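The basis for the numbers below is simple: all heavy atoms, side chains too, and nothing from hydrogens, waters or symmetry mates. A note on names: the letters A, B, ... follow the listed sequences, proteins ahead of strands, and every chain is numbered from 1. No experiment lies behind these values; they were computed from the predicted model shown.
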Amino acid sequence: MPQQDKTQEAAIAATAGQQNDRFADRPADRPADRYNPQLVETKWFGRWQNDPHLYAADQVSGHADPIKKKYYVLEMLPYPSGVLHMGHVRNYSIGDALARYMWMNGYNVLHPMGWDSFGLPAENAAIANNTPPRQWTLGNIAKMKAQMKRLGFAYDWSCEVTTCLPEYYRWNQWFFLKFYEKSLAYRKKSKVNWCPKCATVLANEQVVNGCCWRHEDTLVEQRELEQWFLRITKYADELLRDLGQLDGWPEKVRTMQRNWIGRSEGTLVDFKLDYSQPTQPFGAAGATISVFTTRVDTIFGATSVQLAPQHPIVADLAAANPDLRVKIDQLIAEQRQAKEAGDIGEIEKHGVFTGRYAINPFNGEKVPVWVANYILMDYGTGAIMSVPAHDERDYEFAKKYKLEIRLVILPRSGDPEETMCEPALPFTAEDGTLINSGQFSGLDCAEAIKKMSAHAEQNGFGKATVTYRLKDWGISRQRYWGTPIPMLYCEKDGIVPVPEKDLPVILPENVEITLAGGSPLSKLPAFVNTTCPKCGGPARRETDTMDTFVDSSWYFYRYTDAHNGRAPFESKTAQYWFPIDQYIGGVEHAILHLIYSRFWTKFMRDLGLIANNEPVEHLFTQGMVIKDGAKMSKSLGNIVSPDEMVARYGADAARLYSLFAAPPDRDMDWQDSGIEGIQRFLGRVYRFVLRNAKPNRTDWGNMVPADLPPQARAIQRKLHQTIKRVSDDFQGRWHFNTCISAIMELVNALYSYEESVVSDRVARAPSPASAGGEVAAATPQPPAAEEAASIALRAEVQRSLVLLLAPFAPYLAHELWEMLGEKENLLKAAWPRYDAALAKEEEIEIPVQINGKLRSRVVVSADAGEDVVVDRALADEKVKFAIAGKQIIKKIYVPGKLLNIVMK
RNA sequence: GCCGGGAUGGCGAAAUUGGCAGACGCAGCGGACUUAAAAUCCGCAGGGGCGAAAGCUCUGUGGGGGUUCGAUUCCCCCUCCCGGCACCA
């Protein structure tokens with residue numbers, strides 16, 4: 001504990017004796033008279049530490065309570081960098097509030113936490129500090145776990161998952177074998193991002209503006225490497241289709257996934273190179289150029305074929321033409337530069353004519369074959385037909401190189417009699433009619449696309465097809481700190497999977513980590529050299545490790561059965577808990593993690609391990625934590641440390657503030673002064689309960705009488721309104737900022753009530769109150785009936801107030817709960833219910849407008865009809881004045897809301 | 001360029017279905033308590049004008065238009081900020 005707190009504590013202890021003796025009936029360990037978060041939180045922290053099963057879900061196999069409904073609430077697991085940041089605190093505060101709310105509503109709640117603990121930072125740290133990645137990682141986990149516990153998050157640590165341990169990653173390997181068995185894992189050559197300074201592969205997300213994230217002046221190269229892929233594209237259609245069912249997901253995320261999958265229906269059409277011009281032999285790539293188009297209806301307007309510079313046919317054509325080779329290399333360089341600069345969209349279009357022609361199979365026309373820098377090899381077939389009249393890019397290109405522009409679609413006119421007019425070019429809309437298109441002239445575009453695709457297929461030069469932007473998932477990483485891919489290479493038997501019984505393939509330790517010379521594992525003969533399980537001969541191990549997104553694709557299933565040594569998890573248990581009821585995390589994972597997870601779930605379903613089609617029922621993406629107008633980052637120096645906040649204001653204040661400052665789905669602006677206000681509020685609650693809690697009284701639980709005095713009735717109404725507001729938000733829109741505001745309003749109302757009751761009593765009292773500052777002590781006794789009503793009401797209010805606060809500020813809530821003399825565990829105490837009748841206002845104030853301008857207000861009973869309101873309004877002096885001498889045209893009454901009198 | 005989200009007091013924000021704009025909190029100001037300060041409690045507070053004051057009045061939700069008795073909210077156009085995607089054929 002910091003020195004400051006010790007002195008503060010000492011000061012409190014020293015003054016304690018001087019305080020009045022109203023709490024003489026409290027036991028010796030009585031609470032401090034002032035809210036001291038450190039005292040409260042360390043006390044409960046200690047108790048919770050000693051109860052490891054506090055937050056454990058009911059066991060499923062055997063004796064889960066069949067009446068309780070399950071609720072699986074999950075926050076995205078962190079990478080163990082070693083220190084929590086405010087974004088984590090916000091994320092976990094949302095999930096924790098929800099978990100606690102669900103517990104209090106009687107659910108069987110699963111609320112686990114784990115560590116996404118493989119990945120490159122551990123290797124960097126190993127190089128920088130000469131610490132083994134495992135040691136560094138496990139040390140970080142210990143630190144962050146301690147931080148999480150101190151923050152009071154209610155996790156069931158008995159099912160903690162640490163992805164870098166063999167007990168977990170062996171199941172990554174097991175799944176990989178299953179993928180391989182089903183032909184969904186395969187090996188092929190592929191382009192990867194390569195940083196020459198790091199001498200290693202980078203993930204796409206580690207390439208920033210075409211440069212290495214750690215060497216910002218070093219351009220990333222593309223290298224061809226043999227890589228393992230998972231065939232996610234097999235599920236592309238299902239992944240797309242089922243997005244439609246995920247109505248518990250933000251539309252933004254669904255849209256992002258839809259775009260990422262990028263399904264595009266179109267037609268493949270084969271253009272044969274012109275045989276009548278055999279000036280060169282055809283190369284290995286053959287003589288047919290297959291193009292992909294979504295607008296086969298415009299094919300009669302195709303006036304050239306455009307190839308990506310990397311297209312295999314281009315290499316053949318250029319082989320015998322050094323001049324062409326030079327120009328094409330130039331195009332490749334331009335394209336690469338644009339990609340690296342991240343503005344491939346703005347590349348200036350360049351192309352070069354190959355000197356060859358191809359034949360449009362629809363009309364037998366010869367069209368020139370060009371190579372262009374705006375054609376991408378990794379989309380479609382890397383070749384297009386160019387239709388300048390009906391495509392903006394083709395139009396721009398044709399204008400530049402003076403290629404023919406031929407109109408083949410006219411806009412469809414609404415009136416069939418009307419002559420169709422020539423559109424401004426390029427005309428790219430799909431509501432048109434074909435012209436100059438042989439037998440297809442006169443068809444609508446949509447109909448033409450179908451008929452022309454069918455025509456191509458019947459005649460063997462094309463077919464309707466679907467293309468995706470989504471690519472198969474390359475999971476090989478030439479790094480050390482990851483799951484070894486369980487495959488072997490035998491000279492005799494080729495690629496051989498490691499037999500299941502030999503799993504896990506253990507990641508060796510005591511490995512020298514360097515950035516040079518390829519994967520560290522490849523330099524370990526003891527790891528690499530093994531025997532082939534088929535022939536017993538010598539074999540080499542795969543030395544690549546898996547992408548860490550593999551780890552996070554299924555970890556939430558492992559939570560349900562974290563210690564299973566025979567299977568990744570027990571199906572029955574997973575079926576009980578899945579799908580996840582609520583998943584909470586940052587929107588930055590909208591694509592990768594969340595699409596991989598969906599893919600993995602569908603694969604596990606096809607394996608028969610689970611029954612659900614989707615892993616996550618409701619997804620919530622919280623906003624970023626911002627300070628001084630920018631995302632918190634070391635380089636900007638605007639980091640707020642959770643540890644420091646906990647030390648200064650307490651975990652409750654840090655958590656409550658992270659929920660109070662903005663709605664959770666929006667970015668929140670961290671202001672140090674804001675958290676002080678929250679601490680003040682918690683102190684106000686503390687003092688109120690401290691003043692009013694009288695745990696030894698026997699009339700504590702008495703029913704609140706129906707005929708309360710008006711001021712007490714107002715408090716009761718406010719209480720029930722507050723319970724309604726907070727409960728509704730948990731059920732619906734999750735605007736915890738306004739929930740907390742509502743609780744603050746309730747507390748403010750209690751202070752006013754206390755004040756007014758006291759002043760009433762003082763007014764009634766025979767003599768002025770004696771000095772002393774503490775209102776209650778100075779108060780003369782009220783009549784017995786009123787006192788009883790007041791006590792019963794206060795008991796209800798205080799209990800409910802503490803319960804309402806429990807999801808947001810658990811430490812203080814537990815402390816106050818104990819102060820109230822409650823014995824039951826607050827975590828399992830019933831969430832307060834509101835009574836709609838008690839929450840209802842008896843009298844309401846109706847604003848009266850004249851011609852839309854507010855002129856007065858009238859007070860009526862809540863169930864008053866329009867006549868009453870109008871009568872009351874017309875009798876109002878201000879209204880009378882405003883309408884004098886004018887004529888009432890109409891009266892608009894919105895029940896319970898407003899009256900507007902329209903005048904002339 | 002396309003697709004989202006956003007713009008409201010000095011600041012973070014609220015207004016849930018078209019109905020009193022600014023709840024709640026911060027900062028600020030005034031008062032009480034105190035020898036004093038801190039802490040605490042009470043009160044004031046969008047801006048302009050008039051008024052000693054109570055109050056009255058005009059104005060105000062990025063800008064411009066529209067629909068409506070009534071618009072922060074719905075429609076059209078524009079500006080700026082944030083996020084994602086981007087010659088995807």
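Of the residues in residues 293-309 of chain A, those with a non-hydrogen atom less than 4.0 angstrom from any atom of RNA chain B are A:Thr293, A:Thr294. Proximity of residues 377-401 of chain A to RNA chain B (heavy atom under 4.0 angstrom from any strand atom) is restricted to A:Tyr379, A:Ile384, A:Arg393.
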Polar atoms only, N or O, under 3.5 Å: list the protein pairs with nucleotides 70-74 of chain B and their distances.
none

Between protein and nucleic acid, restricted to nucleotides 14-16 of chain B and to nitrogen or oxygen atoms under 3.5 Å apart, what atom pairs and distances do you find?
unit_1, atom_1, unit_2, atom_2, d
B:rA14, OP1, A:Asn737, ND2, 2.9
B:rA15, OP1, A:Arg733, NH1, 2.8
B:rA15, OP1, A:Arg733, NH2, 2.7

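B:rG9 adopts a syn glycosidic conformation, its chi angle falling within 90° of 0.
Taking the C1' atoms as reference points, B:rG66 lies 15 Å from B:rU73, given to the whole Å.
The nucleotide whose nearest atom lies closest to any side-chain atom of A:Ile375 is, among B:rG12, B:rC41, B:rA89, B:rA89.
Helical stems in RNA chain B, defined as runs of 3 or more consecutive Watson-Crick or G-U wobble pairs with both donor-acceptor distances under 3.5 Å, are listed by first residue as B:1-7 with B:79-85, B:10-12 with B:24-26, B:28-32 with B:40-44, B:46-50 with B:55-59, B:62-66 with B:74-78.
Taking atom NZ of residue A:Lys252 and atom C1' of nucleotide B:rG4, one finds them 5 Å apart after rounding to whole Å. Rounded to whole Å, the distance from CG on A:Leu690 to P on B:rA39 is 20 Å. Distance NZ (A:Lys471) to C1' (B:rC88): 9 Å, rounded to an integer number of Å.
OP1 or OP2 of B:rG12 has not a single side-chain nitrogen or oxygen of A:Ser673 nearer than 4.0 Å.
Residues that satisfy the side-chain contact (heavy atoms from CB on, under 4.5 Å) test with A:Arg857, not counting sequence neighbours, are A:Glu845, A:Leu854.
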